[in-house]
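Counting starts at 1 for both ligands and their atoms, following the listed order. No experiment lies behind these values; they were computed from the predicted model shown. Note that the numbering runs from 1 along the sequence shown for the chain.
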Amino acid sequence: MCGIIGCVGHGTETTDVLLDGLSTLDYRGYDSAGVALSNGTVDVVKRSGAIEDLVSAVEASPPTGPVGIGHTRWSTHGPPTDENAHPHVDCPGEVAVVHNGIIENYEALRERLRAAGHTFESDTDTEVIPHLIESERDDGADPETAVRRAVERLEGSFAVAAVLADSDAIFAARRDSPLVLGIDDGGDRRRYYLASDVPAFREYTDRVVYLDDGEFARLTPEDWTVTTLAGDRVEKPVDTVEWDPEETGKAGYDHFMAKEINEQPRALRQCLSERVDELDGEVSIGDLAYLNPRGVQLVAAGTSYHAALYGAQLFRAAGVPATAYLAHEYATGTPPIGDELVIGVTQSGETADTLSALREASARGARTLAVTNVVGSTAARECDDAFYIKAGPEIGVAATKTFASQLAALNTLTIGMVPSKDDREAIAALRDLPADVQQVLDESNAAAVAEQYLDSEAYFFIGRGLQYPVALEGALKMKEITYKHAEGFAAGELKHGPLALVTSETPVFAIVTGDGERAQKTIGNVKEVEARDAPVVAVTDGASDVSRYADHVLSIPESSPQTAAVLANVQLQLAAYHTAAKLGRPIDKPRNLAKSVTVE
Ligand code: M6R
């Protein structure tokens with residue numbers, strides 16, 4: 001999705017700060033980029049394509065000024081062209097605006113502005129904003145008032161930042177799209193930042209102020225203020241970010257995805273520390289007062305939905321009625337909520353579909369809990385409570401370590417909310433999980449297996465029970481980074497239709513853990529695909545004899561059924577990663593995808 005960076009107070013270095021910020025934000029997904037600097041005039045440089053193209057254009061004609069904004073655009077209204085790239089300007093080029101989100105009433109606004117003589121250069125919804133500001137200026141408003149009034153006329157979702165030729169400020173506002181300020185006023189210099197995401201300015205400061213919906217910020221070289229759109233002062237806390245800037249680098253790996261897969265032992269330790277007691281085997285979920293909920297609904301999208309499916313199984317196994325919903329399908333046909341708990345599972349805490357489902361649940365009177373990775377995210381702030389998965393920043397578009405940490409967090413939550421004397425084995429396995437994941441990483445032969453099937457036309461993944469969401473996740477990872485067809489199925493469903501697709505050209509990854517009834521039934525399904533000449537890759541802890549029917553085995557250590565899901569998933573992450581790497585795909589930025597999906 002689109003990214004925003006802004007800074008004031010950097011003198012001649014402003015352009016470098018903006019370009020660095022945009023490079024850091026590129027993981028969000030983009031197809032054009034631009035910057036605008038204000039210094040008595042407004043200089044705009046923008047290009048479709050990669051940030052490197054923008055850098056070349058900036059070098060050819062450097063914009064200057066101590067105040068600037070920048071943007072990476074992920075096309076929604078109009079194709080990725082130079083004209084559609086942000087920032088957008090007004091008629092005389094004295095106002096520049098960047099925007100994330102969607103302005104729903106832009107067509108009506110544009111018609112009115114056109115009728116008043118304004119001319120438009122792009123297909124975007126955003127371009128109405130600088131013209132609205134221009135129109136307010138023409139009516140005599142000062143810069144701040146003009147931006148406020150323009151923003152008040154917008155319907156839809158937005159994070160907006162504007163600079164004006166005759167002002168030394170950045171003005172910004174948000175509704176349903178994140179914006180965070182960076183505060184660096186220690187010592188003898190003051191520098192302030194603005195971004196859609198903390199990594200954009202984290203190398204300069206760890207002090208942040210999260211804007212809430214309906215708030216308006218003004219950053220100048222001297223100070224920063226936050227008010228409501230109506231102009232009432234809001235006292236905002238300054239928070240400290242707990243992770244280091246190095247955590248957003250590749251640390252020698254070829255891709256963020258590889259780094260993040262390998263960071264899973266540490267991410268899991270962070271998630272479990274202070275929650276799972278190493279010595280007495282107790283689980284603590286802090287001061288969350290959700291003991292024995294009457295029912296649980298989980299809402300999520302994508303990878304997080306797979307975690308939600310897994311979480312729902314955990315709650316049901318603990319005796320609590322629980323259902324996982326795709327967040328974007330939640331409002332339609334969802335049973336009425338009594339006093340159930342609604343859990344939003346979301347890495348970013350900014351996914352529009354998930355936020356919308358959580359708001360719907362709140363409006364119907366449910367208590368809401370965000371299971372999220374991002375402190376201060378919208379989900380964390382809007383829900384009644386937040387339970388952080390503590391995975392550290394995840395940059396690769398493909399979610400990896402955050403999925404593992406979501407599963408660990410949901411285990412902890414279930415045990416903490418619905419304690420039982422049978423938890424001891426699960427707690428012991430959770431305690432061992434980081435080391436077990438490390439063992440999988442150290443010993444995996446997934447690269448060699450991936451090599452065997454690079455020419456396959458499709459990949460299938462099957463699993464039962466807790467391994468069913470892992471099959472879905474294995475297929476999602478494979479398809480999003482390799483661009484190959486991949487599907488995950490509940491193993492028992494195979495013969496009800498999908499088996500027709502199975503041929504000698506379609507490897508089937510079968511997740512078989514333990515040796516119980518479920519494992520035996522899945523082995524039955526493995527025999528069915530084997531009889532159709534499909535190559536079989538068994539992901540197994542060796543408890544059953546599935547390897548007898550497999551062409552390849554991806555081994556995991558023996559653990560509990562719950563943690564086996566995390567371990568099996570690591571093997572599938574590696575299989576997808578190595579397949580994509582050998583096919584030369586742009587692993588960290590798969591085509592058409594974005595890290596954080598902030599539009600519905
Ligand atoms: O930030 P969220 O967890 O709410 O994101 C939801 C999905 O967009 C996300 O899980 C997506 O499916 C993954 N990045 C795919 O790897």
Colleague: Test: ring pair (Phe, Tyr, Trp, His ring centres under 6.0 Å). Region: residues 579-600. Which pairs qualify, not counting sequence neighbours?
Modeller: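 Those involving residues 579-600 do not exist here.
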
Colleague: Check Glu487 with Lys479, please: is the shortest side-chain N to carboxylate O separation under 4.0 Å?
Modeller: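 A salt bridge links Lys479 with Glu487.
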
Colleague: Between Glu382 and Arg359, is there a salt bridge with N-O shorter than 4.0 Å?
Modeller: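 Yes, charged N to carboxylate O under 4.0 Å.
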
Colleague: Does any non-hydrogen side-chain atom of His71 lie less than 4.5 Å from one of Cys2?
Modeller: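 Touching, per the 4.5 Å side-chain cut-off.
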
Colleague: Give me the pairs of N or O atoms, one from ligand 1 and one from the protein, that sit under 3.5 Å apart.
Modeller:
from: ligand 1; atom 1: 1 (O); to: Ser348; atom 2: N; distance (Å): 2.9
from: ligand 1; atom 1: 1 (O); to: Ser348; atom 2: OG; distance (Å): 2.6
from: ligand 1; atom 1: 1 (O); to: Thr351; atom 2: OG1; distance (Å): 3.3
from: ligand 1; atom 1: 3 (O); to: Ser304; atom 2: OG; distance (Å): 2.5
from: ligand 1; atom 1: 3 (O); to: Gln347; atom 2: N; distance (Å): 2.7
from: ligand 1; atom 1: 4 (O); to: Thr346; atom 2: OG1; distance (Å): 2.6
from: ligand 1; atom 1: 4 (O); to: Thr351; atom 2: OG1; distance (Å): 2.4
from: ligand 1; atom 1: 5 (O); to: Thr351; atom 2: OG1; distance (Å): 3.3
from: ligand 1; atom 1: 10 (O); to: Thr303; atom 2: N; distance (Å): 3.2
from: ligand 1; atom 1: 12 (O); to: Thr303; atom 2: N; distance (Å): 3.1
from: ligand 1; atom 1: 14 (N); to: Val397; atom 2: O; distance (Å): 2.8
from: ligand 1; atom 1: 16 (O); to: Thr303; atom 2: OG1; distance (Å): 3.4
from: ligand 1; atom 1: 16 (O); to: Ala399; atom 2: N; distance (Å): 2.9
from: ligand 1; atom 1: 16 (O); to: Lys477; atom 2: NZ; distance (Å): 2.8
from: ligand 1; atom 1: 16 (O); to: Glu480; atom 2: OE1; distance (Å): 3.2
from: ligand 1; atom 1: 16 (O); to: Glu480; atom 2: OE2; distance (Å): 2.5

Colleague: With a 4.0 Å cut-off, would you call Arg367 and Glu340 a salt bridge?
Modeller: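 Between Glu340 and Arg367 there is no salt bridge, as every charged N stays at least 4.0 Å from the carboxylate O atoms.
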
Colleague: Answer yes if the ring centres of Phe489 and Phe460 are under 6.0 angstrom apart, and no otherwise.
Modeller: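 That pair passes the under 6.0 Å test.
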
